[in-house]
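Read the structure below first, then the notes.
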Amino acid sequence: MVKKEYRKKDSDSDEELIQNFQQGDLAAFDVIVRKYKDQLLNFAFRFLGNQEEAEDVVQETFLRLYRNKHAYRKIAKFSTWLYTIAGNLAKTELRKRKRRRLVSISDLGYEEKEYEIEDTSTDTERAVDSVLKEEFIQHAISGLSNRFREVIILRDIQGLSYEEVGEILKIPLGTVKSRVNRARLKLQDKLKDIKQNKTD
Amino acid sequence: MAECYNFSKKISQYLDNELSKAEKIQFERHREECLSCRKKFSEIQTLVNYMHKMPAKKTSESFNVVLRSRLRKELKTPHKLSIPVIRPVWQLATLCLIACISVYTGMFIDRKFIRTFNLKPDRTSVYLRPIRQASLDIPKSDSKHFKMKNYVMDELKLSDIANMGRLSNYNTLQTTDSLNSNPPNTATFQTANAIVRF
């Protein structure tokens, strides 16, 4: 019986779920957690580069949702509202980390790893492919400033639309588009630098 | 050159199918003509495609347990009072006021500090951190220039202070004299409670 109810709830729209939760239905909260925990974790992880910190951010996001459930208004899409909370918490975490002066490439464990780099004299496609490993990209993303980092994660890793990214970051559509382009160009430059440093 | 600049500005729009038909044709024409732009485009296209396929991270198995426990705690503890929404103008005014008070207080403390201890610029190594105004202050009627205060000292050389009073709870870094005399005659203290006379 309970399972049946959950199945029904999973198919509910986010707006219905949050509305039910606002009316005191705790099962709706469980469904929201189940639906968004991995998405938000991936987002926070790509932002912070650390699983533990990312989990903490996601937990805090759900706690904030629980605490401030009535703050949500139907004018915004629920998922973007949730992403905004998680994004703000992730940025706060980064600021805290900077204050503690704990952030360094070696802390993130990138320096210790050995990466296989193919001969750069081969054609572009192959050379780029060789660099395009998850760790490299994560490392390069970590080197971007917050404003470029957030757009690239939301757009290219989370696969959100330009409109959703604009809604989450509260910036106009035109700004989102130009920022995504600049972020991609910068990321590509960072990857080249990393590759160059490794080959030197 | 200008064409290359415009090209790089439009790479993402092309990849996301956001260009008009005419813009698309122009974009593709330049890509065919310019080797470096073709290379750049190819790299970014590969990068974007890879990012779309990057494996998604997942929450750990203990995630739900930890969340439940935190929620339980949340339910037990009373909610903090939420801060009332303040209009931006008032926020700015409040910040300005706080800044003015801080600057004024800082200047006052600084002046008083320098005046009280008669610190010279070359004595910056001497660092006193007052913890409280001691109740041992001698009334002004008894002595015009005689005050006693209680301080915590960091890295303070005893020789830097002419009239050292009583010392307690001290940890020394260096000692040139025996610590048998109380207080020691020459010592560098890591921390100490002291009554200093000026």
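Here the structure is a predicted model, which is why all the values come from computation and not from measurement. Below, read A as the first sequence line, B as the second, and so on, with proteins coming before strands; counting in each chain starts at 1.
Across B/I44 and A/R184, no two heavy atoms sit closer than the pair CG2-CB, 4.3 Å. Residues A/L40 and A/A86 come closest through the heavy atom pair CD2-CB, 4.0 Å.
Residues of residues 148-156 of chain A that come closer than 4.5 Å to chain B, counting heavy atoms only, are A/I152, A/R155, A/D156, ordered by residue number. Along residues 14-37 of chain B, the residues that come nearer than 4.5 angstrom to chain A, judged on non-hydrogen atoms, are B/L15, B/D16, B/E18 in order of number. Identified by a heavy-atom distance below 4.5 Å to chain B, the contributing residues of residues 165-180 of chain A are A/K177, A/V180, in residue-number order.
The backbone N or O of B/K57 sits less than 3.5 Å from a side-chain atom of A/N42, completing a donor-acceptor pair. For A/N181 (side chain) and B/S8 (main-chain N/O), a donor-acceptor pair under 3.5 Å exists by modelled atom type. One N or O on the side chain of A/R73 and one on the backbone of A/H70 form a donor-acceptor pair closer than 3.5 Å.
If you measure heavy-atom distances from B/N49 to chain A, you find no contacts under 4.5 Å at all. A/Q51 touches chain B through its side chain: at least one heavy atom from C-beta onward sits under 4.5 Å away, while N, CA, C and O do not. For chain B, the nearby part of A/Y162 is the side chain; its heavy atoms alone come within less than 4.5 Å. Residue contact with chain B, scored on non-hydrogen atoms closer than 4.5 Å, involves the backbone and the side chain of A/D56 alike. Only the side chain of B/K40 comes within contact range of chain A, judged by heavy atoms closer than 4.5 Å.
Contacts with chain A were tallied for B/R70, B/M54, B/H52; B/R70 has the most, counting heavy-atom pairs under 4.5 Å. Contact tally against chain B (heavy-atom pairs below 4.5 Å) for A/L187, A/L185, A/I157: the top residue is A/L185.
Checked against the 6.0 Å centroid criterion, the rings of A/Y83 and A/Y36 do not qualify as a close aromatic pair.
Hydrophobic side-chain contacts under 4.5 Å tie B/L95 to no other Ile, Leu, Val, Met, Phe, Trp or Tyr residue.
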